[in-house]
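Note sheet for the following structure.
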Number of protein chains: 2
Amino acid sequence: MSSANTDTRTRILMAALKLLEADDGSAVRMSDIAKEAGISRQAVYLHFPTRAELLVAATLYLDEIKDIDGRLAASRNAPDGTARLAAYIDAWGNYIPEIYGVARALLAMQATDEAAKLALAERMQAVRHGCAAVVQALGNDGILSPDHSAEQATDILWTMLSIRNWEQLTIECGWSQEAYIEKTKVLATACLVSDEN
Amino acid sequence: MSSANTDTRTRILMAALKLLEADDGSAVRMSDIAKEAGISRQAVYLHFPTRAELLVAATLYLDEIKDIDGRLAASRNAPDGTARLAAYIDAWGNYIPEIYGVARALLAMQATDEAAKLALAERMQAVRHGCAAVVQALGNDGILSPDHSAEQATDILWTMLSIRNWEQLTIECGWSQEAYIEKTKVLATACLVSDEN
DNA sequence: CATGTCAATTTACACAGTGTCAAGCAAAGG
DNA sequence: CCTTTGCTTGACACTGTGTAAATTGACATG
């Protein structure tokens, strides 16, 4: 039946997420996921033809659970460009640690697997669209730095908000999540908002 | 003989670098390197016990060839903090594309291989030291932004100059190398240099 | 009740890539 | 001439992914 089908599929995804959120995300094997889900390794392949597709499905499932769309959408209600920038950094920046385990596995896979690469690129493009909207709002307020075109400003914000940068600042440099958020707001403002005022 | 030994070892490293600089760096296998060097796969293992150690040796060899130390040292002669920041971004930023192939392979390996991870971390710490020196110079000139401690400023510059950011801006966003260098200078200045003056 | 279907199982296997091991060979140097 | 050094060939173990075939158990429908 379709519901039992969905249950097993969901169990696999939950098992994958649980393991990916543990310390070493990239080392999760199909057999580990199967064991965690309480089914055979081959049964996993009945639901997901490849490891890459399982990981992609896991990220989509995670987005659904965490309601990333709703959280990012909240930043669209901010009254002006500056508030919108801050709200977007809050929403996305605080989302990163929740998806880091899965993202890390996907990030590692993209080096070798084309499917993983495309899936990740697609998801990152969604973030880029959010950045473009923020830049647009800054432009509408007339406070976008004249140093950059809208396109360049989007590239800059998108790069500042990359998962890799979050990883480097929090995990490698030891910044707290709060410090990361606050500093990123300050830096993004310094880079994108014109200072005459 | 020791010289013949060194010759073969060097041939292996040159072969590895040649392949790693080609399009898909992470897919270079031990057998590919052996073939390129004109020796058997097993002979490679006589010189390098693991793939990770070969890659690490390749980066060290590349640094030697490209004289990274000399190039980074040049920035130490800059007259003031601002010039030193610009010189450092010039030196390191223009070095990145030359080592990108090898760096990418090492970056991909660090997800699974502890040796690769440590080697890369060590090399990146060298860059971080350069960043710390630049921040120190800015501090001596009294123009370091009061928003950040010296440590934080170092973390920020180091993160801005990461290979991942170069990759995202030039390869994914399509910026030219010149644009990357110029923009990075502007952004680093906006983030680190206090604007009262 | 018989039949078909569908999920999942077990077992087995193909394949790629890393790393190990053993035997042998060719050249240089005492 | 004999030993050492550097490399070769060939075989093999191991891990992890993905494929395939035969089987079981549940359940629904004629």
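These numbers come from a predicted model, not from an experiment. We name chains A, B, ... by the order of the sequence lines, and we start the count at 1 in each one.
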In B/S/- notation (B base, S sugar-phosphate only, - none; protein heavy atoms under 4.0 Å), nucleotides 13-27 of chain C written 5' to 3' is ----SBBBB------
By ring pair (Phe, Tyr, Trp, His ring centres under 6.0 Å), B:Tyr100 pairs with (sequence neighbours left out) B:Trp166
_Looking at C:dA8, I'd like to know if its phosphate oxygens (OP1 or OP2) sit under 4.0 Å from a side-chain N or O belonging to A:Ser40._
no
Reckon A:Leu46 touches a base, only the sugar-phosphate, or nothing at all at heavy-atom distances under 4.0 Å?
-> base
In A:Arg29, A:Lys18, A:Arg11, the residue satisfying salt bridge (Lys or Arg N to Asp or Glu O under 4.0 Å) with A:Glu36 is A:Lys18
Sorted by chain and residue number, the salt bridge (Lys or Arg N to Asp or Glu O under 4.0 Å) partners of A:Asp141 (sequence neighbours excluded) come out as none
Applying side chain to side chain contact (heavy atoms under 4.5 Å, CB included) to B:Leu60 and not counting sequence neighbours gives B:Val56, B:Arg123
Here the distance between atom C1' of D:dT5 and atom CG of B:Asp7, to the nearest Å, is 15 Å
By salt bridge (Lys or Arg N to Asp or Glu O under 4.0 Å), B:Lys183 pairs with (sequence neighbours left out) none
Applying side-chain hydrogen bond (donor to acceptor under 3.5 Å, both in side chains) to B:Gln110 and not counting sequence neighbours gives none
Would you say A:His47 places a side-chain N or O within less than 4.0 Å of OP1 or OP2 belonging to C:dA7? no
Here the distance between atom C1' of C:dA8 and atom CZ of A:Arg11, to the nearest Å, is 11 Å
Separation of D:dG18 atom P from A:Ile33 atom CD1, nearest Å, is 11 Å
Contacts of B:Lys35 meeting salt bridge (Lys or Arg N to Asp or Glu O under 4.0 Å) (sequence neighbours excluded), chain-then-number -> none
Output a table of nitrogen or oxygen pairs between the protein and nucleotides 23-26 of chain D separated by less than 3.5 Å.
none

Sequence neighbours excluded, the answer for side chain to side chain contact (heavy atoms under 4.5 Å, CB included) partners of B:Tyr45 is B:Met30, B:Arg41
